[in-house]
Amino acid sequence: MGRLKRSFFARESVDLAPALIGTRLVRRLDDGTLLSGIIVEVEAYIGVKDRASHAFGGRRTARNQAMYDEAGTAYVYFTYGMHYCMNIVCAERGVPQAVLLRALEPDPASHAIMRRYRGVESERLLCSGPGRLCQAMAIDRALNGIDLCTSEQAWVESVQSPAREVVRSKRIGIDSAGVWAKRLLRWSEKASRHVSKPVDGKRSVRAAIRGSKNRKTA
DNA sequence: ATGACGATTTACT
DNA sequence: GTAAATCGTCATA
């Protein structure tokens, strides 16, 4: 359906994050190829108070400057020397809030190309993680700072579909953020098998199988 | 100029 | 479960 407008993104990250679940991220390559997927997992980064945010304490650097731009701006950064992560900037200009896109349910028409970009066969592993989804969607530094409300390279669309059950949990990979590591600022579609990590308190299928085996042999 | 580290992923025990 | 991969970024000097 239609591209989401700036008014959709212009709100607090804790409000935007759950609203993004079930919408569609679309990427248009230079040759016109379209790649897309339904957003099934996101995290909110609350701003200067948020120890886990790149903008903690009001930090403003060459890397995170996009976080201070207007709502609907893409904030893409490089991390661990090999992966990209994509955020959607929100709130008002000058207020560094953003929502990290952590997982997509890839649309079937995109599977073949995503498999090539990712180098894996498993559909489940195509977009189930912030670095994975960027690799699958060919999202890199070049998209940092683009306006998702007007860009021809990437945008977000509303989707008509049955209500998706959304669950909250703790954010991933920010254990060193003190009390902020415990806040429930991650949202994911409960039924999705394309989420990057199981929600708190739920073991992965693999862990459950291993657990039952150990129980029998104990 | 330098060193520690990361909003991750992958392979392996 | 643990560890390696791999390099830009940021704080400190």
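Just so it is clear: chains get the letters A, B, ... in the order the sequence lines come, proteins before strands, and each one is counted from 1.
Aromatic ring pairs are classed by plane angle as parallel below 30°, tilted from 30° to 60° and perpendicular above 60°; the pair A:H54 and A:Y77 is perpendicular.
Partner assigned to C:dA3 is B:dT10, using Watson-Crick or G-U wobble distances below 3.5 angstrom. Within the shown strands, B:dT2 is the pairing partner of C:dA11 under the Watson-Crick or G-U definition, both distances less than 3.5 Å.
Using a 4.0 Å heavy-atom cutoff across all strands shown, A:F78 reaches sugar-phosphate atoms only and no base atom. At a threshold of 4.0 angstrom between heavy atoms, the contacts of A:M67 include nucleobase atoms, whether or not backbone atoms are also involved. Counting any heavy atom pair closer than 4.0 Å across all strands shown, A:R171 reaches no nucleic acid atom.
Proximity of A:R63 to the phosphate of B:dG6: no side-chain N or O atom is located under 4.0 Å from OP1 or OP2.
Rounded to whole Å, the distance from CZ on A:R59 to P on C:dG8 is 20 Å. Note: CG (A:D140) to P (B:dT8) measures 18 Å, nearest angstrom. Following rounding to the nearest Å, A:L133 (CG) and B:dT9 (P) show an atom-to-atom distance of 8 Å. Between A:K197 atom NZ and B:dT10 atom P the separation is 10 Å, expressed in whole Å. The distance between atom CD1 of A:I172 and atom P of B:dT8, rounded to the nearest whole Å, is 8 Å. Protein atom CE of A:M82 is 15 Å distant from nucleotide atom C1' of C:dT9, rounded to whole Å.
Closest to the side chain of A:R141, out of B:dA7, C:dT9, B:dT9, is C:dT9. The side chain of A:Y80 lies closest to B:dT8 when the candidates are B:dA7, B:dT10, B:dT8. Side-chain proximity of A:R118 to the nucleotides B:dT9, B:dT8, C:dA11 is greatest for B:dT9. Set against B:dA7, B:dG6, B:dT10, the side chain of A:S53 has B:dA7 as its closest nucleotide. The side chain of A:T61 has C:dC10 as its nearest neighbour among B:dT10, B:dT8, C:dC10.
Comparing A:L125 and A:I174 by the nucleotide of DNA chain B whose heavy atom lies nearest to each, the residue mapping closer to the 5' end is A:I174.
Using a 4.0 Å cut-off between a side-chain N of Lys or Arg and a carboxylate O of Asp or Glu, A:E43 and A:R102 qualify as a salt bridge.
Looking at A:E105, its side chain never comes within 3.5 Å of a backbone N or O of A:S192 through a donor-acceptor pair. Under the 3.5 Å distance criterion, the side-chain polar atoms of A:N87 are left unmatched by any main-chain donor or acceptor of A:A98.
The shortest distance between side-chain heavy atoms of A:F9 and A:L4 falls below 4.5 Å.
Remark: the separation of the P atoms in B:dT2 and C:dT6 is 23 Å, to the nearest Å. Spacing between B:dA7 and C:dG1 at atom C1', rounded to whole Å, works out to 23 Å.
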